[in-house]
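Read through the structure below, which is laid out as structure tokens, and then see the notes.
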Number of protein chains: 2
Amino acid sequence: MLELRHLRTLTALHETNSVSLAAKRVHLTQSALSHQIKALQTHYGLPIIQRRGQSIELTEAGKCLVSLSGKVLEEIQATERDLARISQQTSGSLRIALECHTCFDWLMPIMDAFRQHWPEVELDLVSGFHSDPIKLLEEGGADVVIGSECQKQRGIVHHSLFRFEILAVLAPEHALRGKRILQATDFADVTLITYPVPEERIDLIRKVLKPAGIYPQRRTAELTVAILQLVASHRGIAALPSWGIKSYVDHDYVIARRIGANGLWSNLYASTLKETASRPYFRDFLTTARNACFATLEGIIPLE
Amino acid sequence: MLELRHLRTLTALHETNSVSLAAKRVHLTQSALSHQIKALQTHYGLPIIQRRGQSIELTEAGKCLVSLSGKVLEEIQATERDLARISQQTSGSLRIALECHTCFDWLMPIMDAFRQHWPEVELDLVSGFHSDPIKLLEEGGADVVIGSECQKQRGIVHHSLFRFEILAVLAPEHALRGKRILQATDFADVTLITYPVPEERIDLIRKVLKPAGIYPQRRTAELTVAILQLVASHRGIAALPSWGIKSYVDHDYVIARRIGANGLWSNLYASTLKETASRPYFRDFLTTARNACFATLEGIIPLE
DNA sequence: GCATGATTATGAATATCATTCATTAATAAT
DNA sequence: ATTATTAATGAATGATATTCATAATCATGC
């Protein structure tokens, strides 16, 4: 018989077009999803998915169930908000500190929705640069830190968001355009365009260039668009999340290249104090953020 | 985590105001529901039900979840209809034979809804009296028989609908009005008003009067209202399902009395051929009928 | 008031069934 | 061809919902 877990699986399948990726998304194994799918198919006597070579595609029946899933899961979320309201756990503060500037891109619409749903929660972005953002939580300067840190620390909980690839961004006519994959040495003689944060917070430098002993020139800009403009006008190369530059790449404004054979990957977490983690409005924020990211951002992978 | 089974349970609780009755409704034990409820309550940190002496009441949180349940379960049913449409198992015939005339009362609105949902299914009521209605199924004269028979028979499936009480119906000023419970002997000198069907199909006669050797006068009428009119004008006593006379009793048009210490009870089944049982439109009809009956008719009890 | 019958709650045992594990089959890329 | 991914499958496992047995709670009748 149909259960909510099937619906959750269906949406994941729909958004990933892959059984194994969808499995990660719902924190199960690929095998579990295969079994679920098979059970559904025999139950309804209809194929739900169709193999299309490597990836899969949803059949008409599958899409039917996905659209059901969308409606149902939203209604459940809404009801759970109502329940929080009844238990009067509806107010508090959610001040978000961002470690990575690009995250503004996907965070904005989520914050708008959040304000609608939790009018009594004081929602804010913590501005300015902070050398140790996790410290902000303990000091009471922020309630959530969105960053790549996930060291175990008493009193702190790290909620996984997703894994994403950082790509090198070049002008379309750049000399390196011929290479499919860039190596550390390719950065020796270029200017690196970054956000105005210290070296150790730039993954490309910390994980790739520094180990190779390469220290390129740097130039900074505050906004993603500004960085891309500099790149497009041949002032240098940037390294940005794949989803942050997608639309610019699609419009041939810039081109993107993998860094290293396996690519340069980074993880994103939403870290909070233990007490914040159990607040209904934070749980709602978290699931909304995850759903929105997986639905909107291409090329991201679930963590754990 | 919330699952559909919880929602199904919630609606059952809402409609019965009793854990044990709700348990029967969803074909589980009372204990299972108690555990489910407890799990939900600890999960949301809110009480879902409240004991009110013998019965229970839903709290605000409970009602919240019930209204969710209503929406969600309907959407699922609708989607499952769509799936049937995709698998093209959407046409056929559903000719319904009624063993008990009173069933018109609840069947009518269900048939109307059914026509909307399954326009390609030929829906009909098989008219006239039939001595052996189950035979109609084998002969191909009907697709569903709604009656109280449930003898095992190869090729036939009996789908339980509900259990209900048959009450004696009297004029408010009737001589027997003082008795809370009527016995077989009380029927010795009265006229029994029934539908125009043979004795063996009238539960009161078959189960109560015949065993006691009592054969009262009989008078027949085609329609329930006609029977009640005769009762109200002192032409005799009738024996009808509790839910069939509720509104008349509520308006003091007639009064109702239990027959025998434990009451006279009867079961209702929807019987079909095995092949009909698996048709999506029949399954939809069945769940709709059950839901509608349990939601509308008071005093009925789930079977099995 | 006490006993009785009916209802709900609870803890331990059980059974069910979803999930994982270990493999195989299928597909794409080098 | 070979290797690397991905999906499918059957058996083993593990989690957990359900039942069983029982206690607690509450109305009702005597």
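Sequence lines set the chain letters: A, B, ... in the order given, protein chains first and strands last, and positions in each chain run from 1. When reading the values below, keep in mind they use all heavy atoms of this one structure, side chains included, and skip hydrogens, waters and symmetry mates. Here the structure is a predicted model, which is why all the values come from computation and not from measurement.
- Judged as a side-chain hydrogen bond (donor to acceptor under 3.5 Å, both in side chains), and not counting sequence neighbours, A:Gln88 has no contacts.
- Scored by the salt bridge (charged side-chain N to carboxylate O under 4.0 Å, His left out) test, A:Arg85 finds A:Asp82 as partners (sequence neighbours excluded).
- Scanning for side-chain contact (heavy atoms from CB on, under 4.5 Å) contacts around B:Leu176 gives B:Leu170, B:His174, B:Lys179, B:Leu182, B:Asp186, B:Ile237, with sequence neighbours left out.
- Per the geometry, NZ belonging to A:Lys38 stands 11 Å off P belonging to D:dA11, to the nearest Å.
- DNA chain C is contacted by A:Gly53, A:Gln54 of residues 46-59 of chain A, taking any non-hydrogen atom closer than 4.0 Å.
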Enumerate, atom names and distances included, each donor-acceptor pair closer than 3.5 Å involving a side-chain atom of residues 241-251 of chain B, sequence neighbours excluded.
residue	atom	partner	partner atom	Å
B:Lys246	NZ	B:Asp250	OD2	2.5
B:His251	ND1	B:Ser247	O	2.5

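- A:Ser160 and A:Tyr269 make their closest contact through CA-CD2, 3.7 Å (heavy atoms, listed as atom of the first residue, atom of the second, distance).
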Could you write out each protein N or O paired with an N or O of nucleotides 17-21 of chain D at a distance under 3.5 Å?
residue	atom	partner	partner atom	Å
D:dT18	OP2	B:Gln36	NE2	2.9
D:dT19	OP2	B:Thr29	N	2.8
D:dT19	OP2	B:Thr29	OG1	2.7
D:dT19	O4	B:His35	NE2	3.2
D:dC20	N4	B:Ser31	OG	2.6

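- When heavy atoms are screened at a 4.0 angstrom cut-off, B:Ser34 is found touching base atoms of the nucleic acid.
- Residues passing the side-chain contact (heavy atoms from CB on, under 4.5 Å) test with B:Arg163, sequence neighbours excluded: B:Trp265, B:Asn267, B:Ile301, B:Leu303.
- Residues satisfying the side-chain contact (heavy atoms from CB on, under 4.5 Å) test with A:Arg8, not counting sequence neighbours, are A:Leu4, A:Leu73, B:Met1, B:Glu3.
- With a heavy-atom cut-off of 4.0 Å to chain A, the contacted part of DNA chain C has its first and last nucleotide at C:dA18 to C:dA28.
- Within the structure, the salt bridge (charged side-chain N to carboxylate O under 4.0 Å, His left out) test picks out the following pairs touching residues 10-34 of chain B (sequence neighbours left out): B:Glu15-B:Arg25.
- Among pairs with a residue in residues 68-78 of chain B, those fulfilling side-chain hydrogen bond (donor to acceptor under 3.5 Å, both in side chains) read B:Gln77-B:Asp284, B:Gln77-B:Thr287, B:Gln77-B:Thr288, at least two apart in sequence or across chains.
- Judged as a side-chain hydrogen bond (donor to acceptor under 3.5 Å, both in side chains), and not counting sequence neighbours, B:Arg290 has no contacts.
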